[in-house]
Trainee: 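First the structure, which I've put down as structure tokens, then a few questions once you've had a look.
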Amino acid sequence: MADNPYLAHLPPSQRGAVHSSSSSSSEKEPLFGFLPRKVKGEQVRKALDHQLNPFTKQPHSAQYRKILETRRALPVFSQMDDFLELFSKNQIIVMVGETGSGKTTQIPQFVTYSDLPHTKGKLVACTQPRRVAAMSVAQRVADEMDVQLGKQVGYSIRFEDMTESGTTFLKYMTDGMLLREAMSDTELSRYSTIILDEAHERTLATDILMGLLKTLAKRRKDLKIIVMSATLDAVKFQSYFSLHDSAAGEEPSPAPLFKVPGRTHPVEVFYTQEPEPDYVEAAIRTVLMIHRAEDPGDILVFLTGEEEIEDACRKIKIEADDLLNADPSSVGPLICVPLYSSLPPQQQQRIFDAAPKPSQAGYPPGRKVVVSTNIAETSLTIDGIVYVVDPGFSKQKVYNPRIRVESLLVSPISKASAQQRAGRAGRTRPGKCFRLYTEKDFISELEEQTHPEILRSNLANAVLELAKLGIKDLVRFDYLDAPAPETLMRALELLNYLAALNDEGELTALGGVMAEFPLDPQLAKMLIVSPEFKVSNEILTITAMLSIPNVWLRPPNQRAAADQAKAMLTVPEGDHLTLLNVFNNYSQSTYKDERNWAWNNFLSARALAQAENVRAQLLRTMEKYDVDVISLEDERKRNIGIRQALTCGFFMQVAHKEGEKGSYLTVKDNQVVALHPSCGLDTQPEWVLFNEFVLTKRPYIRTVTEVKPEWLLEYAPVYFDLASFPDGETKRVLQRVANRRRGTSNGGEEPRPKKKLKK
DNA sequence: GAGCACTGC
């Protein structure tokens with residue numbers, strides 16, 4: 001038995017157990033003869049058919065055998081031998097599997113059988129861009145492997161670690177979670193194989209992980225990596241992960257590709273003859289055309305946002321009712337369901353409702369129309385969709401590093417996105433996709449791929465993470481797509497002003513702690529310094545409230561009541577203090593009926609519950625890094641302390657009032673901005689600090705608090721170094737303040753021009 | 001006198 005290689009890889013404490021069970025015959029040991037990473041398909045199939053579960057040593061259940069039959073029908077299942085051979089021979093594999101191939105559930109299991117992570121005390125990880133996916137896939141795989149979720153198979157997402165240390169060997173997790181783990185263990189030493197799933201989505205976290213894993217693979221020859229993606233991107237991933245031994249003078253050879261066909265139904269694609277001037281109107285017209293003329297089957301329409309969707313739903317409903325009333329014997333009833341993320345979960349569930357029944361026996365069946373944002377393109381799948389209407393637009397985030405602003409723009413989608421949308425029509429049977437643009441435009445105008453997030457975002461957070469990951473030269477990091485140098489410079493500049501990076505671009509001790517918080521750098525900085533102002537308890541709450549979506553509800557038919565409720569909670573010194581007040585009132589109300597309190601005050605109970613969760617998580621991190629949680633008794637002093645702490649994080653987001661008309665200029669950038677109408681300040685203070693710059697109909701600053709110019713000079717002396725300050729009214733005012741602080745009239749500077757402020 | 005594509009830590 002000693003030469004049983006399976007035993008050789010078991011820790012000594014476990015050898016006895018296997019020994020006794022396998023001593024009589026190999027029949028009792030499902031993994032008998034398995035050599036890690038040399039396992040063949042035939043062996044795995046035998047183990048799958050074995051009466052004992054190799055991981056629990058329990059007999060397989062009836063449910064297991066039933067599921068196994070459905071697994072055998074998956075396209076990826078029939079290619080198990082090829083996969084295992086490729087896995088045995090290579091460190092990095094790129095895998096392409098179209099929808100319905102079964103890759104997300106099966107590949108990690110194949111890897112587990114080959115890798116035998118449990119024999120080495122390691123794990124196989126499979127990353128997902130979204131939490132729900134990580135949770136639901138883990139549950140499915142636990143069922144397939146006939147184990148309890150959270151034991152051998154688990155998942156790890158923010159706020160929930162469903163794994164058991166020492167037991168779990170296959171873990172589904174969000175990409176962000178693996179990135180966090182990498183910050184404390186840059187070797188990712190717990191893992192034997194890492195599978196990046198949905199890599200084609202190119203989330204910021206996946207992109208950074210790819211860069212990290214590419215270099216890590218050179219140091220850790222025992223680590224295997226599988227990058228799983230949709231078809232179009234495979235070549236790019238293959239060449240990025242090409243193996244080359246430059247010392248041997250070899251030509252780089254692309255990483256091997258493993259390809260599995262999908263299992264979907266054909267979708268017929270139609271284009272318009274001419275471009276459509278109004279895509280919303282065209283989409284409505286197309287829906288009604290399908291409803292009148294096409295066979296039964298539900299319709300999915302892609303639009304760009306909440307307002308557009310609600311509007312389209314209303315119009316479709318009116319028109320469809322007219323059709324039904326005019327001729328109930330030839331047109332069926334229609335229901336129209338909106339879908340977007342800010343919709344309460346209960347209403348989101350309506351997309352799974354069945355289509356309405358015929359209005360009378362023998363009359364045409366009803367039809368369901370789902371009008372959705374991009375959420376139905378990736379995050380949610382609706383079975384029974386036969387028709388897709390694709391106007392070709394979506395709202396996309398763009399980042400302008402020059403003015404440091406992220407904004408949302410309605411933009412044409414990519415070919416990849418259009419293909420994904422069309423595919424939504426063929427999940428249950430052959431379908432049709434109506435593209436509301438010409439074939440010529442599809443071919444020549446649409447980009448191949450949507451720009452990856454790393455090219456469209458503010459990278460302050462990512463750069464801090466990379467620094468924490470030990471990446472020395474952030475500009476020359478091996479990105480799959482390198483961000484614009486200006487975006488990186490902006491991030492480095494911000495982190496340097498926040499003292500997270502020193503002048504050499506190295507991570508400071510403060511920066512190291514900042515990176516530990518799942519927050520934007522400004523928020524992390526403010527939270528960490530807040531004990532100096534004895535208000536960290538309050539800043540903790542404000543930070544949590546700023547990390548969640550908008551809490552204020554404003555139903556269209558109850559605007560006045562909502563505004564009145566908001567006024568009751570408003571603190572005139574600033575919106576940040578208002579947020580604090582809201583949360584405190586909410587927590588005090590929890591012993592009663594919190595949902596009711598939130599509801600009565602036109603606040604989102606869901607968002608407030610989220611804030612509570614975030615607050616608890618941040619509190620744990622504070623405790624871990626000895627950031628004291630303290631508070632001031634005196635309300636006046638406390639509010640000043642809070643505003644001072646805010647200044648320490650957000651001194652780069654300050655605006656100065658120009659004239660009396662209520663127009664503000666952002667400091668240094670000199671952008672003309674206005675206070676957002678949601679702002680609760682009762683006056684227009686000379687200096688304000690803002691959480692957000694939003695570019696909608698006009699440039700607005702949102703979530704605003706009054707600050708004192710003395711604080712800017714005192715808490716951010718480097719940023720407010722007047723010698724390097726752009727000339728203008730703001731500088732002159734600051735200069736006066738500086739002079740006053742020094743107790744001199746003009747502190748040795750040139751005499752300032754005696755210019756009177758007009759108006 | 002406005003808005004909130006979608007994720008993630």
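All chains are named by letter (A, B, ...) in the order of the sequence lines, taking the proteins before the strands, and each is independently numbered beginning at 1.
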Trainee: When you measure from the side chain of Arg554(A), which nucleotide among dC6(B), dG1(B), dC9(B) comes out closest?
Mentor: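 The answer is dG1(B), which lies nearest to the side chain.
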
Trainee: Without swapping roles, check the side chain of Lys468(A) against the backbone of Ala515(A) for a donor-acceptor pair under 3.5 Å.
Mentor: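 No, Lys468(A) side chain to Ala515(A) backbone: no donor-acceptor pair under 3.5 Å.
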
Trainee: Measure from the side-chain heavy atoms of Lys395(A) and tell me the nearest of dC9(B), dA5(B), dA2(B).
Mentor: dA5(B)

Trainee: Would you indicate what Arg559(A) reaches in the nucleic acid, counting non-hydrogen atoms under 4.0 angstrom: base, sugar-phosphate, or nothing?
Mentor: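 Result for Arg559(A) = base.
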
Trainee: Ignoring hydrogens and geometry, is there a side-chain-to-backbone donor-acceptor pair from Lys171(A) to Leu123(A) under 3.5 Å?
Mentor: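 It does not hold such a pair.
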
Trainee: Under 4.0 Å, heavy atoms only, any strand: does Ile157(A) hit a base, just the sugar-phosphate, or nothing?
Mentor: sugar-phosphate

Trainee: Identify which nucleotide among dA5(B), dC9(B), dA2(B) has an atom closest to any side-chain atom of Pro677(A), counting heavy atoms from C-beta outward.
Mentor: dA2(B)

Trainee: Name the nucleic acid region contacted by Ser394(A), choosing base, sugar-phosphate or nothing; use a 4.0 angstrom heavy-atom cut-off, strictly under.
Mentor: nothing

Trainee: Would you indicate what Phe517(A) reaches in the nucleic acid, counting non-hydrogen atoms under 4.0 angstrom: base, sugar-phosphate, or nothing?
Mentor: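 Nothing, no nucleic acid heavy atom in range.
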
Trainee: Taking the side chain of Ser379(A) as heavy atoms from C-beta outward, which of dG8(B), dA2(B), dC6(B) is closest to it?
Mentor: dC6(B)

Trainee: What is the distance, to the nearest angstrom, from the CG atom on Asn461(A) to the P atom on dG8(B)?
Mentor: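 Whole-Å distance recorded here is 15 Å.
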
Trainee: Would you say Glu406(A)'s side chain and Asn458(A)'s backbone share a donor-acceptor pair under 3.5 angstrom?
Mentor: yes

Trainee: Counting heavy atoms from C-beta on, name the nucleotide in dC9(B), dT7(B), dG1(B) closest to the side chain of Thr174(A).
Mentor: dC9(B)

Trainee: May I ask you to check whether over 12 heavy atoms, not counting those of Glu692(A), lie within 6.0 Å of atom CD?
Mentor: yes

Trainee: Remember a base hit wins even if backbone is also touched, and classify Leu408(A) as base, sugar-phosphate or nothing at under 4.0 Å, heavy atoms.
Mentor: base

Trainee: Report which part of the nucleic acid Asn374(A) touches: base, sugar-phosphate, or nothing (heavy-atom distance under 4.0 Å, all strands).
Mentor: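 No contact.
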
Trainee: Look at the side chain of Arg456(A) and decide which nucleotide, out of dA5(B), dG8(B), dC9(B), has an atom nearest to it.
Mentor: dA5(B)

Trainee: Using a heavy-atom cut-off of 4.0 Å across all strands, would you classify Arg158(A) as base, sugar-phosphate, or nothing?
Mentor: base

Trainee: So Glu306(A), base contact, sugar-phosphate only, or nothing? Heavy-atom distance under 4.0 Å.
Mentor: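 Base contact.
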
Trainee: Base, sugar-phosphate or nothing for Lys397(A)? Non-hydrogen atoms, less than 4.0 Å.
Mentor: base

Trainee: Is the side chain of Gln420(A) donor-acceptor paired with the backbone N or O of Glu377(A) at a distance under 3.5 Å, no angle test?
Mentor: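 Yes, Gln420(A) side chain to Glu377(A) backbone: donor-acceptor pair under 3.5 Å.
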
